Amino acid sequence: MSLEYLPIMAEAGAPKPPRVLVSPSKEAWSPITKPVNQSTIALLSSAALRLQNQKPFVPREDLSYRRIPSDPAAGAIIIDHHSGIGRVPKQDPEIVFPRTALASLAQHGIIGAISPFHFSFMGGVRRAQEIEDELAPAIADDLKKMAVDLALLVPY
């Protein structure tokens, strides 16, 4: 089940003139094929997150993504997103990137395993066709190579 997040954000927080919402040209959902407690899970974040030693995101129209180690001890998270809602998450990135909570779920057997890496990209980019044709397939390919069964999108 998907949340209609984009229309809410377009109405509430978009710069003027309002954003034009674009629907994907093809369905991209895949059925869940095994129980969550047997699945390898990764986080996807649109908060432009990175580790300090990774290249910063370029504001607004950056179509790159960063691989963030799933281990919460791997380093401090930096949020490069330009959104004005980012003050509190910048103090505690776990709010928008719950690596520790996901690790706890794995330790308790609620989920099967955690992907070795999670992924972050710049949200709010208006280049819909390039996202669909380039960014999304690149992330999907990385997820497939890591045998991820379920990716959880945490929008920013």
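This chain uses plain numbering: 1 for the first residue, then up along the sequence. All values below come from the heavy atoms of this structure, side chains included, with hydrogens, waters and symmetry mates left out. Since we're looking at a predicted model, the values are computed, not measured.
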(request) Could you check if a side-chain atom of Asn37 sits within less than 4.5 angstrom of a side-chain atom of Ile110, using non-hydrogen atoms only? (result) no
(request) Check for a donor-acceptor pair, side chain of Glu134 on one end and backbone N or O of Ile131 on the other, with a separation under 3.5 Å. (result) no
(message) Listing request: all ring pair (Phe, Tyr, Trp, His ring centres under 6.0 Å) pairs with a residue in residues 133-153, at least two apart in sequence or in separate chains.
(response) none
(request) Sequence neighbours left out, what pairs pass ring pair (Phe, Tyr, Trp, His ring centres under 6.0 Å) with at least one residue falling in residues 48-78? (result) Tyr65-Phe119
(message) Could you walk me through whether Ser46 and Met122 satisfy the side chain to side chain contact (heavy atoms under 4.5 Å, CB included) test, starting with their C-alpha distance in whole Å, then the side-chain angles of each, then the deciding distance to 0.1 Å, before giving a yes or no?
(response) CA-CA 5 Å; Ser46 60; Met122 178 69 74; over 6 Å; no
Which atom pairs, donor and acceptor, lie under 3.5 Å between side-chain atoms of residues 68-78 and protein residues at least two apart or in another chain?
{"unit_1": "Ser70", "atom_1": "OG", "unit_2": "Ser115", "atom_2": "O", "d": "2.9"}
{"unit_1": "Ser70", "atom_1": "OG", "unit_2": "Pro116", "atom_2": "O", "d": "3.3"}
{"unit_1": "Asp71", "atom_1": "OD1", "unit_2": "Ala73", "atom_2": "N", "d": "2.9"}

(message) Using a 3.5 Å distance criterion without hydrogens, assess whether the side chain of Glu94 forms a donor-acceptor pair with backbone atoms of Thr100.
(response) yes
(request) Calculate, to the nearest 0.5 Å, the distance between atoms CG and CG belonging to Leu150 and Leu152 respectively. (result) 5.0 Å
(message) Looking at His81 and Ala47, would you say the former's side chain and the latter's main chain have a donor-acceptor pair under 3.5 Å?
(response) no
(request) To the nearest 0.5 Å, tell me how far Leu43 CG sits from Phe117 CZ. (result) 14.0 Å
(request) Just do the side chain to side chain contact (heavy atoms under 4.5 Å, CB included) check on Asp142 and Arg67 with the steps written out, would you? (result) CA-CA 9 Å; Asp142 266 355; Arg67 294 171 66 161; 3.8 Å; yes
(request) Kindly indicate, with the supporting measurements, whether the criterion side chain to side chain contact (heavy atoms under 4.5 Å, CB included) is fulfilled by Phe121 and Leu135. (result) CA-CA 9 Å; Phe121 50 90; Leu135 178 62; 4.1 Å; yes
(request) For the pair Asp149 (side chain) and Thr40 (backbone), establish whether a donor and an acceptor sit closer than 3.5 Å, ignoring hydrogens and angles. (result) yes
(message) I need the minimum non-hydrogen distance between Val154 and Pro98, along with the two atoms involved.
(response) CG2-CD, 4.3 Å
(request) Can you measure from CZ (Arg99) to NE2 (His118) and round to the nearest 0.5 angstrom? (result) 7.0 Å
(request) Look up atom OG in Ser45 and atom CZ in Arg66, then write down how far apart they are to the nearest 0.5 Å. (result) 12.5 Å
(message) Walk me through whether Leu63 and Val125 qualify under side chain to side chain contact (heavy atoms under 4.5 Å, CB included).
(response) CA-CA 8 Å; Leu63 284 177; Val125 174; 3.8 Å; yes
(request) Taking all heavy atoms of Ala151 and all of Leu143, pick out the closest pair and write down the distance. (result) CB-CD1, 4.0 Å
(message) Quick check on side chain to side chain contact (heavy atoms under 4.5 Å, CB included): which of Val148, Leu105, Val36, Ile114 does Ile41 satisfy it with?
(response) Val36
(message) For the CG atom of Asp80 and the CG atom of Leu49, what is their distance to the nearest 0.5 Å?
(response) 8.5 Å
